[in-house]
Asks: 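Can you read through this structure? Questions will come right after.
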Amino acid sequence: MKKRFVIWTLILFSLYGLLLGLYFFQWTGVGVPPAYEGTAADPATFMTERELQLSQEYSRYQNFLSFLGEPLEWIIYLGVMVFGVSLVFKNFGERISRFSFVQIPMFVLLLSTLTSILLFPLDYARRWLSVEYGISTQSFSSWMRDELIGFWVGYVIMALLITVLYFLMRKFQKRWWLFAWVLMIPFLIFMMYLQPVVIDPLYNDFTELQDKQLEEKILTLADEAEIPAERVYEVNMSEKTNSMNAYVNGIGSNLRIVLWDTTLERLQDKEVLFIMAHEIGHYVMNHLYWNLAGVIVATFFGLYFTYHLMKWSVRKWGGKFGFSKISDVASLPLFYLILTILSFASSPVELAISRNAETDADRYAIEMTQDPEAAIGSFQELTVNGLSDVNPPALVKYLRYGHPTMMERIHMLESYQDVEIKKE
């Protein structure tokens, strides 16, 4: 079984990598459709020839690495079971303690560490590419610090969740997935409340916006939208990236309006106001809460299907992997495997919903600011600084993009501008 697993993994992954290479470097073209040539959505009108070349190269390499890494996590989880590593981790935890509240976090730690180590070369390759093309300005030590913070934050959260999950599996063999889902609802709301003030500051320094005139303009927009914000936060991202961003996150008293300093440095005030109006649009249209509701619904179906697929998988292959019950912690790699595959399978629907929400926020922002020129300029600048592909291949758009393509977004704004000109 082990030999067969290795052989088939090498064959299929090599074939997959070859097809990806052909798709991104041979079968998909660059540029925009003829109907968009010469418009504001055509990068040739606002990017230099060198920027265009770098954008095309960078996008292709990043997309290739991103898709190449998609099945690696699945292979790791399957390999952990095939080679008996799952049993080794389980036995190690049992030698340390006879209590499950120690054994399970230990298992999670060992599995998370192994997965992170095996995926590290690909993560580093993507980071190196970002540095080489001038997107990332972050030093290796700073990057590693963020990676370690992310690892330990993720570990603490997962150790807690998995410990509770396996307790429910042992206590309620047929309804554990339902009880797990019910408990996830307050947890997700709590994390949404906690994120801006506890987790985000672990990675970056947040200060009040230094430009008080701009802050007043942003807060005026927020007040018009009835957003209960008293200040705007600025985050120091220039030491890590040349990309730009802004967002509104959190709920209740922890709601925050945040601007990256790179956005402030590279955009004019009227362009920043459009970006902020877009983020305010998300709040006004309750996208934060709709997103939370979507996660809750997706979690329900994810846990339901995982329950049935785990039960079937354990019955069919559990003996070969060394566990006969779902509630055996050695089955955790199987749980991860099924959940990540289901997440990938559902991503086109989730991303389509997200793209629709982003389009609505763009429309809200342009109606609020009434400045198509600034709106178009902000998206063009975002494209240049991020070396974004305005018209990515279909596979990338439908499996990776939570936003409409820049071509679509700029074209919508340009169409709005044309309508306003005709009205005048």
Asks: With sequence neighbours excluded, tell me which residues meet side-chain contact (heavy atoms from CB on, under 4.5 Å) with Val384.
Replies: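 Applying side-chain contact (heavy atoms from CB on, under 4.5 Å) to Val384 gives Phe46, Met47, Glu51.
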Asks: Centres of the Tyr155 and Trp152 rings: under 6.0 Å?
Replies: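 Yes, the ring centres sit under 6.0 Å apart.
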Asks: Which pair of heavy atoms, one from Trp260 and one from Thr241, lies closest together, and at what distance?
Replies: CZ3-CG2, 3.8 Å
Asks: Calculate, to the nearest 0.5 Å, the distance between atoms OG1 and CZ belonging to Thr163 and Phe101 respectively.
Replies: 10.0 Å
Asks: Is the backbone of Met310 close enough, under 3.5 Å, to the side chain of Ser313 for a donor and an acceptor to pair up by distance?
Replies: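 No.
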Asks: Hey, can you tell me if Phe13 and Tyr16 have their rings parallel, tilted or perpendicular (30° and 60° cut-offs)?
Replies: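 Geometry flag for Tyr16 against Phe13: tilted rings.
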Asks: Could you state the interatomic distance from NZ (Lys217) to CG (Leu221), rounded to the nearest 0.5 Å?
Replies: 10.0 Å
Asks: Side chains of Ser238 and Asn236: do they bring a donor and an acceptor to under 3.5 Å?
Replies: yes
Asks: Donor-acceptor pair, distance only, cut-off 3.5 Å: does the side chain of Thr306 make one with the backbone of Gly302?
Replies: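 Side chain of Thr306 to backbone of Gly302: a pair is present.
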Asks: Show the numbers, then the answer: is there a side-chain contact (heavy atoms from CB on, under 4.5 Å) between Leu292 and Leu288?
Replies: CA-CA 6 Å; Leu292 176 62; Leu288 294 174; over 6 Å; no
Asks: Please test His278 against Glu358 for side-chain hydrogen bond (donor to acceptor under 3.5 Å, both in side chains), starting from the C-alpha separation and ending with a verdict.
Replies: CA-CA 8 Å; His278 169 94; Glu358 294 295 338; 2.8 Å; yes
Asks: Before accepting this row, confirm whether a basic side-chain N of the pair Asp360/Arg363 lies closer than 4.0 Å to the acidic partner's carboxylate O.
Replies: yes
Asks: Is the ring pair Tyr58/Tyr133 parallel, tilted or perpendicular, if the boundaries are 30 and 60 degrees?
Replies: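 Ring orientation, 0 to 90° scale: tilted.
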Asks: Under 6.0 Å from the ring centre and within 45 degrees of the ring axis: does the NZ or CZ of Arg355 meet both conditions for the six-membered ring of Tyr401?
Replies: no
Asks: Taking the side chain as C-beta and beyond, is there a heavy-atom pair between Asn391 and Pro33 under 4.5 Å?
Replies: yes
Asks: Has Glu70 got more than 12 heavy atoms of other residues, nucleotides or ligands less than 6.0 Å from its CD?
Replies: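 Result for CD/Glu70: enclosed.
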Asks: By salt bridge (Lys or Arg N to Asp or Glu O under 4.0 Å), which residues pair with Asp328, not counting sequence neighbours?
Replies: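 Salt bridge (Lys or Arg N to Asp or Glu O under 4.0 Å) check on Asp328 returns Lys90.
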Asks: Is it true that Arg60 and Asp389 make a salt bridge, defined as a side-chain N closer than 4.0 Å to a carboxylate O?
Replies: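 Looking at Arg60 and Asp389, the cut-off is not met.
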Asks: Identify the heavy atoms of Asp261 and Met237 that sit nearest to each other, and give their distance.
Replies: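 Where Asp261 meets Met237 most closely, the heavy atoms are OD1-N, 2.8 Å.
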Asks: Answer yes or no: is there a donor N or O on one side and an acceptor on the other, between the side chain of Gln370 and the main chain of Glu367, under 3.5 Å?
Replies: yes
Asks: Ignoring hydrogens and angles, tell me if any N or O in the side chain of Tyr289 forms a donor-acceptor pair with the backbone of Tyr283 under 3.5 Å.
Replies: no
Asks: Could you tell me whether the side chain of Glu414 and the main chain of Ala40 form a donor-acceptor pair under 3.5 Å?
Replies: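 A pair under 3.5 Å: yes.
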Asks: Could you measure the distance from the OG atom of Ser116 to the CD1 atom of Ile76? Nearest 0.5 Å is fine.
Replies: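 Rounded to the nearest 0.5 Å, the OG-CD1 separation comes to 9.0 Å.
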Asks: Carefully, step by step, assess Tyr36 and His411 under the rule ring pair (Phe, Tyr, Trp, His ring centres under 6.0 Å).
Replies: CA-CA 8 Å; Tyr36 294 89; His411 177 67; 4.9 Å; yes
Asks: Has Ser343 got a side-chain atom pairing as donor or acceptor with Leu339's backbone, closer than 3.5 angstrom?
Replies: no
Asks: Quick one: does any side-chain atom of Ser130 pair with a main-chain N or O of Ser136 as donor and acceptor, under 3.5 Å?
Replies: yes
Asks: Go through the steps to decide whether Leu114 and Phe89 satisfy the test side-chain contact (heavy atoms from CB on, under 4.5 Å), and finish with yes or no.
Replies: CA-CA 11 Å; Leu114 177 63; Phe89 288 169; 4.0 Å; yes
Asks: Taking atom types as modelled, find out whether Asn249 and Glu279 have a side-chain donor-acceptor pair closer than 3.5 angstrom.
Replies: no
Asks: Could you check whether atom CH2 of Trp27 has more than 12 heavy atoms from other residues, nucleotides or ligands sitting under 6.0 Å from it?
Replies: yes
Asks: What is the distance from atom CD1 of Ile376 to atom CG of Asp371, rounded to the nearest 0.5 Å?
Replies: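 Going from CD1 on Ile376 over to CG on Asp371, the span is 9.5 Å.
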Asks: Check this for me: does any side-chain nitrogen of one of Glu208 and Arg231 sit under 4.0 Å from a carboxylate oxygen of the other?
Replies: yes
Asks: Looking at Lys212, I want to see if its NZ is surrounded by more than 12 non-hydrogen atoms of other residues, nucleotides or ligands under 6.0 Å.
Replies: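 Atom NZ in Lys212 is packed in, count exceeds 12.
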Asks: What verdict does the ring pair (Phe, Tyr, Trp, His ring centres under 6.0 Å) test give for Trp177 and Phe300, after you've listed the backbone C-alpha separation in whole Å, the side-chain angles of each residue and the deciding distance to 0.1 Å?
Replies: CA-CA 8 Å; Trp177 64 273; Phe300 175 86; 5.5 Å; yes
Asks: Can you measure from CD1 (Ile135) to CD (Gln62) and round to the nearest 0.5 angstrom?
Replies: 8.5 Å
Asks: For residues Ser331 and Tyr166, is any side-chain donor paired with an opposing acceptor at under 3.5 Å?
Replies: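 A donor-acceptor contact under 3.5 Å links the two side chains.
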Asks: Examine the side chains of Gln53 and Glu57 and answer whether a donor and an acceptor come within less than 3.5 Å of each other.
Replies: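 Indeed, the side chains of Gln53 and Glu57 share at least one donor-acceptor pair under 3.5 Å.
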Asks: With a cut-off of under 6.0 Å to the ring centre and 45° to the axis, is Arg400 in cation-pi contact with Phe67?
Replies: yes
Asks: Among Leu109, Asp146, Val156, find the one that has a side chain to side chain contact (heavy atoms under 4.5 Å, CB included) with Phe151.
Replies: Leu109
Asks: For a side-chain contact (heavy atoms from CB on, under 4.5 Å) check, start with the C-alpha distance between Asp362 and Met412, then their side-chain angles and the critical distance, and finish with the verdict.
Replies: CA-CA 9 Å; Asp362 283 345; Met412 186 275 287; 3.4 Å; yes
Asks: When the ring planes of Phe140 and Trp143 are compared, do they come out parallel, tilted or perpendicular, using 30° and 60° as the limits?
Replies: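 Correct class here is tilted.
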Asks: Heavy-atom count around Glu265 CD within 6.0 Å, excluding the residue itself: above 12?
Replies: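 Count over threshold, so yes.
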Asks: Parallel under 30°, tilted from 30 to 60°, perpendicular over 60°: which one fits the rings of Tyr336 and Tyr77?
Replies: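 Correct class here is tilted.
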Asks: To check you understand the geometry: which heavy-atom pair defines the closest contact between Tyr307 and Ile326, and what is its length?
Replies: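 Where Tyr307 meets Ile326 most closely, the heavy atoms are O-CD1, 4.2 Å.
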Asks: Grab the two heavy atoms, one from Leu52 and one from Pro43, that are nearest each other, plus how far apart they are.
Replies: CD2-CB, 3.5 Å
Asks: Between Asp223 and Ile227, is a side-chain contact (heavy atoms from CB on, under 4.5 Å) present by the stated rule, with each step listed?
Replies: CA-CA 6 Å; Asp223 185 59; Ile227 292 182; over 6 Å; no
Asks: Tell me whether the count of non-hydrogen atoms from other residues, nucleotides or ligands lying under 6.0 Å of CZ in Phe120 goes above 12.
Replies: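 Correct, the count exceeds 12.
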Asks: Measure across Leu165 and Ala180 and return the closest heavy-atom pair with its distance rounded to 0.1 Å.
Replies: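 That closest heavy-atom pairing would be CD1-CB, 3.9 Å.
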Asks: Using 30° and 60° as the class limits, which term best fits the ring planes of Tyr61 and Phe25: parallel, tilted or perpendicular?
Replies: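 Ring orientation of Tyr61 relative to Phe25: tilted.
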Asks: For a quick test of reading the model, state the closest non-hydrogen atom pair linking Ile280 to Val248 and the distance between them.
Replies: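 Distance-wise, the nearest heavy atoms are N-CG2, 4.4 Å.
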Asks: So that I know where these two stand, are Phe92 and Phe107 an aromatic pair - ring centroids less than 6.0 Å apart?
Replies: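 No, the ring centres sit 6.0 Å or more apart.
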Asks: Under 3.5 Å, side chain of Ser86 to main-chain N/O of Ala330, donor-acceptor pair present?
Replies: yes
Asks: Please check if the side chain of Thr383 supplies one atom and the backbone of Phe379 the other of a donor-acceptor pair under 3.5 Å.
Replies: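 Judged by distance alone, yes, a pair lies under 3.5 Å.
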Asks: Using 4.0 Å as the upper bound for N to carboxylate O, is an ion pair formed by Lys397 and Glu408?
Replies: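 Answer for the salt bridge query: yes.
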